[in-house]
Amino acid sequence: MNTVLVNPPSKVYEVKIDSGLLAKAGELASKLHTPANAVIITDSTVDKLYAEALTKSLQAAGYTVFKTAVAAGEQSKNAETLINVLDFMAECRLTRADTVFALGGGVVGDLAGLTAALFMRGIGLVQIPTTLLAAVDSSVGGKTAIDLKTGKNLIGAFYQPDLVICDTDTLSTLPQSEFSNGCAEVIKYGFIRDASIFDHLLSDRFDKEAIITRCVEIKRDVICSDERDTGERQLLNFGHTFGHAVEQRSNFIIPHGSAVAIGMALITKAAVKKGLCDPICLEILKNLLARYNLPSSTSFSEDELFDTVLTDKKRLSDKLTLIVPRKPGQCDLMKLPIAEVREFLHLGLEGAL
Ligand code: NAD
Ligand code: GLY
């Protein structure tokens with residue numbers, strides 16, 4: 001079992017990564033506290049696959065288990081679903097001694113994390129990621145959120161989990177497209193911090209434990225120096241500024257990982273055209289996106305995307321920080337006037353990758 005210790009200022013916790021961990025979830029969680037009530041928050045797909053195994057493991061460790069399953073998909077990251085889940089928890093008579101177990105992908109993790117942050121001003125939270133994307137990114141670092149009609153993740157809180165349990169066996173039931181969506185975030189880590197990740201991704205054997213562990217270590221290092229996203233943490237948003245715009249414009253039909261892939265392609269193309277980035281980055285990105293069947297372009301217009309970029313919560317007055325690739329393994333933050341952001345978008349949309 002690989003264990004990564006995550007120690008941002010607000011809380012210290014472990015991320016456990018191994019096969020077979022779902023059956024040990026109760027035992028692992030009960031080391032943190034005396035088992036009381038556990039509420040599993042999951043989605044309709046993951047419910048059928050893994051809720052029973054988790055329930056049995058928690059019950060064996062002494063928890064009384066409640067469960068609620070939201071509809072699978074980004075549409076569940078909304079205020080109505082959030083309130084329904086909070087109501088359910090209140091009806092279960094949960095107290096601050098109890099714990100939320102977020103069983104699912106990034107949608108469940110973000111929604112359940114926010115629920116845990118809000119219920120009685122904060123109760124226990126264990127993240128159990130079941131998508132590659134959630135394993136390498138959303139289950140770690142404490143960002144929780146729901147969407148508003150006007151923008152993605154506009155309501156949220158920083159709320160670190162008490163424990164993250166990543167059972168790599170659960171990834172075996174992921175549809176290929178969802179596995180690819182997770183690979184987009186893995187590619188991101190290669191560009192921002194560690195180009196050796198590209199060798200892993202291009203090799204014939206995808207070593208899940210090793211790749212997840214390396215990505216979690218990178219995320220740990222970044223969030224420990226900037227938990228509240230005021231500086232270095234924004235590197236984790238490589239490809240996200242334009243990616244979020246694509247995702248939102250598509251009404252969330254284009255999944256997060258695919259949208260990030262498009263966003264990375266647009267910003268890298270623009271950075272190379274502006275002479276800011278080693279052209280080798282474009283070659284690497286092109287190979288990796290093709291290898292994992294990820295998209296690199298969008299049919300949305302510059303006007304449509306720019307209009308959505310303006311709702312980005314990282315915009316401060318007339319400036320927005322773009323994450324610009326420089327060379328494999330290095331991106332820089334560039335705080336730019338909004339007009340210059342539009343120029344990047346224009347150059348990114350022009351021509352093929
Ligand atoms: P998701 O949670 O919607 O999961 C994708 C699909 O896979 C869903 O249909 C789900 O039911 C299904 N699924 C999940 N696990 C499965 C399994 N083991 N086997 C079969 N099917 C399974 O999407 P996602 O890509 O995991 O996460 C995307 C979300 O994460 C977005 O809302 C994004 O904003 C958020 N996110 C948050 C952070 C953060 O730091 N908090 C970081 C990145 C992304
Ligand atoms: N996924 C971006 C972050 O955690 O900051």
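Quantities reported herein were computed from a predicted structural model and do not represent experimental measurements. Note that ligands are numbered from 1 as they come in the structure, with each ligand's atoms numbered from 1 the same way.
Among the atoms of Thr131, some N or O lies under 3.5 angstrom from an N or O of ligand 1. The shortest N or O to N or O distance between Thr170 and ligand 1 is under 3.5 Å.
Per-residue contacts place Tyr50 under 4.0 angstrom from the following atoms of ligand 1 (heavy atoms of the residue considered): 18 (N). Close contacts between ligand 1 and Leu49 involve ligand atoms 19 (N), 20 (C) [criterion: under 4.0 Å to a heavy atom]. Close approach of ligand 1 to Lys152 is summarised as follows: ligand atoms under 4.0 Å from at least one heavy atom of the residue are 31 (C), 32 (O), 33 (C), 34 (O). Near Thr45, meaning under 4.0 Å from any of its heavy atoms, are these atoms of ligand 1: 11 (O), 21 (N).
In this structure, the ring of Phe238 has its center no less than 6.0 angstrom from the ring center of Tyr189.
Regarding atom 43 (C) of ligand 1, its nearest protein heavy-atom neighbour is Asp137 OD2, 3.7 Å. Given atom 35 (C) of ligand 1, the protein heavy atom at minimum distance is Asp110 OD2, 3.4 Å. Of the protein's non-hydrogen atoms, Val107 CG2, 3.3 Å is the one closest to atom 3 (O) of ligand 1. Ranking protein heavy atoms by distance to atom 38 (C) of ligand 1, first place goes to Ser138 CB, 3.2 Å. Nearest protein heavy-atom contact of atom 15 (N) of ligand 1 is Thr130 OG1, 2.7 Å. Regarding atom 32 (O) of ligand 1, its nearest protein heavy-atom neighbour is Glu74 OE1, 2.5 Å. The closest protein non-hydrogen atom to atom 9 (O) of ligand 1 is Ala72 CB, 3.9 Å. Looking at atom 22 (C) of ligand 1, its nearest protein heavy atom turns out to be Leu174 CD2, 3.7 Å.
Residue Thr173 holds the heavy atom nearest to atom 20 (C) of ligand 1 of all those in Thr173, Leu236, Asp43. Nearest to atom 30 (O) of ligand 1 by heavy-atom distance, out of Gly182, Gly106, Gly109, is Gly106.
Side-chain contact between Asn78 and Asp147 is absent, with no heavy-atom pair separated by less than 4.5 Å. Counting heavy atoms from C-beta outward, Leu82 and Leu118 have side chains that approach closer than 4.5 Å.
By the 4.0 Å heavy-atom criterion, Lys219 is counted among the residues contacting ligand 1.
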>> I'd like to know whether Ser258 forms a side-chain hydrogen bond (donor to acceptor under 3.5 Å, both in side chains) with Asn181, so could you lay out the CA-CA distance, the side-chain angles of the two residues, the decisive distance to 0.1 Å, and finally the verdict.
In response: CA-CA 5 Å; Ser258 296; Asn181 286 326; 2.6 Å; yes

> Is there a ring pair (Phe, Tyr, Trp, His ring centres under 6.0 Å) between Phe242 and Phe344 once you walk through the steps?
Replying inline: CA-CA 10 Å; Phe242 299 152; Phe344 270 86; 7.6 Å; no

> Checking ring pair (Phe, Tyr, Trp, His ring centres under 6.0 Å) for the pair Tyr63/His33: CA distance, chi angles, key distance, verdict?
Replying inline: CA-CA 11 Å; Tyr63 290 91; His33 51 228; 5.7 Å; yes

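Taking a 4.5 Å side-chain heavy-atom cut-off between Ile, Leu, Val, Met, Phe, Trp and Tyr, the cluster of Ile253 contains only that residue.
Both tests do not hold together for Lys67 against Phe88: distance to the six-membered ring centre under 6.0 Å, angle to the ring axis within 45°. Cation-pi geometry between Lys143 and Phe158 is not met: the NZ or CZ atom fails to fall both under 6.0 Å from the ring centre and inside 45° of the normal. Taking the ring centre of Phe300 as origin, the terminal cationic atom of Arg249 falls outside the region bounded by 6.0 Å and 45° from the ring axis.
Residue Lys143 touches ligand 1 through backbone and side chain together, judged by heavy-atom distances below 4.0 Å. With a 4.0 Å cut-off on non-hydrogen atoms, Thr144 does not touch ligand 1 at all.
Under a 4.0 Å N-O distance rule, the pair Arg233/Glu227 does not qualify as a salt bridge.
In this pair, His256 and His244 present their aromatic rings tilted. The plane angle is within the 30 to 60° band.
Judged by distance alone, with hydrogens and angles left aside, the side-chain atoms of Asn237 form no donor-acceptor pair with the main-chain N or O of His240 at under 3.5 Å. Distance alone, capped at 3.5 Å, places no donor-acceptor pair between the Asn37 side chain and the Leu94 backbone.
Within 4.0 Å of ligand 2, heavy atoms belong to protein residues Asp137, Lys143, Lys219, Arg233, Leu236.
Under a cut-off of 6.0 angstrom, the local environment of NZ in Lys273 is crowded, with over 12 non-hydrogen atoms contributed by other residues, nucleotides or ligands.
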